[in-house]
Number of protein chains: 2
Amino acid sequence: MLDKNKQLLYEKQAEIAGAIAHPLRIAIIDFLKDGDQCVCDIADYIGSERSNVSRHLAVMVNAGILEYHKEGLKVIYSLKCKCITDFFTCAVKVVKQQVKENEKLLRAI
Amino acid sequence: MLDKNKQLLYEKQAEIAGAIAHPLRIAIIDFLKDGDQCVCDIADYIGSERSNVSRHLAVMVNAGILEYHKEGLKVIYSLKCKCITDFFTCAVKVVKQQVKENEKLLRAI
DNA sequence: TAACTATGTGATAATATACTCATATAGTAT
DNA sequence: ATACTATATGAGTATATTATCACATAGTTA
C-alpha cells in the first residue's frame, strides 16, 4: 500500500507533470531552452495573448520549473532545471513508437 | 513563430505529460516500474476503485506510455517505455530544489 | 505630471477531468 | 447453463483548467 510520504511526493510530481501538460506550455519550455525571454516575446512567439501567457508562466513558476527576474518593465523567464528537457526526449521516443505501430497497422489493411 | 508540425508534436507531448499528471497515475507508474500488474492488484495497491483505476490505465495506454495483454480474466499492464522514469528523476530534483528554497525562507524569519 | 508599455489578475464562460454507482462484457469454474 | 470474477463503460455530478475581456499595477519616458 501507499504510505503518506510517497503520496505527498506523488502529488508534487503530478503538479510538475501538470505544469508541462499543455501545448502552449511545452512550446514555451522549448522556446526557453534556447535562452531566457520576456513575456511579450514569448507571447509573440507562441501567438497567444499576453494575459494568457502570463498565466501559463505562473503555473510553471508555481510548479518550480521556471524562474524569473525583472529588468525594467520586462519580466524575464528562464528554465530553472534543464533536466526538464529529459521528459521531451522520452516523449519523442513514445511518439515515434506510436507512429511505428500506426504504420504497421496501415500495412495490414 | 510556431510551425504546424511543431504544434502537432507539442500537442502529443502535452497528452503524454497529461497522462502522467495525476497522483494516482504516478503511483501506478511507480508500481509498474517493479513489474507488470493486473488491474485488481493495482487497485488494491493504490487504494482506489477498480473502475477508477481502469480509467486511469486507459488514459495512459491512450497516451502510449502503457501497454497491456490479457491472461485469462486478468488484464496485465506494463510500462511501454522505461524512459518515462527519467521524468521522475527530474521531478525529484525540482522538488528538492523547492524544499531547499523553503528552508532558506524559514531561516530568514 | 501625463502618457505609455509590460505584466498580472478578477470575473466569467466554455471545456475537460475525475470519481462514483450501476451495468455490461468476457472469460472461468461448477 | 449458472454463478462467479476481472475489467470496462455509460451517466451523472463535482471539480479543475483554459481563454478572454476588462481592469489594475508598476516601471519608463516625455
Side-chain angles (χ1 to χ4, degrees), chain A residues 2 7 10-29 31-32 35-78 80, chain B residues 1-2 7 10-29 31-32 35-80:
Chain A
L2 285 182
Q7 235 165 321
Y10 292 155
E11 273 167 30
K12 204 76 198 91
Q13 288 179 319
E15 195 195 338
I16 294 168
I20 302 178
H22 191 288
L24 290 188
R25 293 201 286 268
I26 291 185
I28 292 171
I29 293 171
F31 189 37
L32 292 181
D36 310 353
Q37 299 285 350
C38 66
V39 181
C40 57
D41 288 346
I42 296 171
D44 286 350
Y45 177 71
I46 68 172
S48 180
E49 285 209 9
R50 289 183 191 181
S51 65
N52 194 27
V53 170
S54 189
R55 266 185 235 276
H56 281 300
L57 290 167
V59 169
M60 292 188 279
V61 167
N62 228 283
I65 64 180
L66 293 191
E67 59 191 351
Y68 64 89
H69 67 273
K70 299 192 180 183
E71 285 184 15
L73 262 180
K74 296 187 174 177
V75 181
I76 312 293
Y77 285 84
S78 57
K80 198 167 174 186
Chain B
M1 268 287 286
L2 286 182
Q7 235 165 319
Y10 291 155
E11 273 167 30
K12 203 77 198 91
Q13 288 178 320
E15 195 195 338
I16 293 167
I20 302 177
H22 191 288
L24 291 188
R25 291 201 287 268
I26 290 185
I28 292 171
I29 293 171
F31 188 38
L32 292 181
D36 310 353
Q37 299 285 351
C38 67
V39 180
C40 58
D41 288 346
I42 295 170
D44 286 350
Y45 177 70
I46 69 173
S48 180
E49 286 211 9
R50 290 183 190 180
S51 64
N52 194 26
V53 170
S54 189
R55 268 185 233 276
H56 281 301
L57 290 167
V59 169
M60 293 189 278
V61 167
N62 227 283
I65 64 181
L66 293 191
E67 57 190 353
Y68 65 88
H69 67 273
K70 300 191 178 183
E71 285 184 15
L73 262 180
K74 296 188 176 178
V75 181
I76 312 293
Y77 285 85
S78 56
L79 291 186
K80 197 167 173 185

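Sequence lines set the chain letters: A, B, ... in the order given, protein chains first and strands last, and positions in each chain run from 1. Scope of the values below: all heavy atoms of this structure, side chains included, with no hydrogens, waters or symmetry mates.
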Residue [X], side-chain atoms from C-beta onward, closest of [options]:
| X | options | answer |
| --- | --- | --- |
| B:Ser51 | C:dT20, D:dT20, D:dT7 | C:dT20 |
| A:Leu24 | D:dT7, D:dA19, D:dA26 | D:dA19 |
| A:Val39 | C:dT5, C:dG8, D:dT7 | C:dG8 |
| B:Lys74 | D:dT7, D:dG27, C:dT20 | D:dT7 |

[N] [atom2] sits how many Å from [X] [atom1], rounded?
| X | N | atom1 | atom2 | answer |
| --- | --- | --- | --- | --- |
| A:Glu15 | C:dT17 | CD | P | 18 Å |
| A:Leu73 | C:dA3 | CG | P | 17 Å |
| A:Asn52 | D:dT17 | CG | P | 15 Å |
| B:Gln37 | D:dT7 | CD | P | 11 Å |
| A:His56 | D:dT20 | NE2 | P | 9 Å |
| A:His22 | C:dT17 | NE2 | C1' | 14 Å |
| B:Leu57 | C:dA18 | CG | P | 13 Å |
| B:Asp41 | D:dT5 | CG | P | 15 Å |

B:Arg50 vs C:dT20: side-chain N/O to OP1/OP2 distance below 4.0 Å: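 No, outside the criterion.
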
Short side-chain N/O contact from B:Arg25 to OP1 or OP2 of C:dA18, under 4.0 Å: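 Yes, B:Arg25 has a side-chain N/O under 4.0 Å of OP1/OP2 on C:dA18.
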
When you compare the side chain of [Y] with that of [X], does any pair of heavy atoms fall below 4.5 Å?
| X | Y | answer |
| --- | --- | --- |
| B:Ile26 | B:Pro23 | no |
| A:Leu57 | A:Tyr68 | no |
| A:Asn52 | A:Leu24 | yes |

Touch class at under 4.0 angstrom, heavy-atom based, for B:Tyr68 against every strand present: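 Contact class for B:Tyr68: none.
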
Sugar-phosphate, base or nothing in reach of B:Ser48, heavy atoms under 4.0 Å: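 Nothing, no heavy atom under 4.0 Å.
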
Donor-acceptor pair, side chain of A:Arg25 and main chain of A:Gly18, under 3.5 angstrom: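 Here the side-chain-to-backbone pair exists.
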
B:Phe31, CZ atom: more than 12 neighbouring heavy atoms under 6.0 Å: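 Above 12, so yes.
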
Nearest-nucleotide comparison on DNA chain D, the residue closer to the 5′ end among A:Glu49 and A:Val59: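 This one resolves to A:Val59.
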
Any N/O donor-acceptor pair, B:Arg55 side-chain to C:dT20 base, under 3.5 Å: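 A donor-acceptor contact between them is present.
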
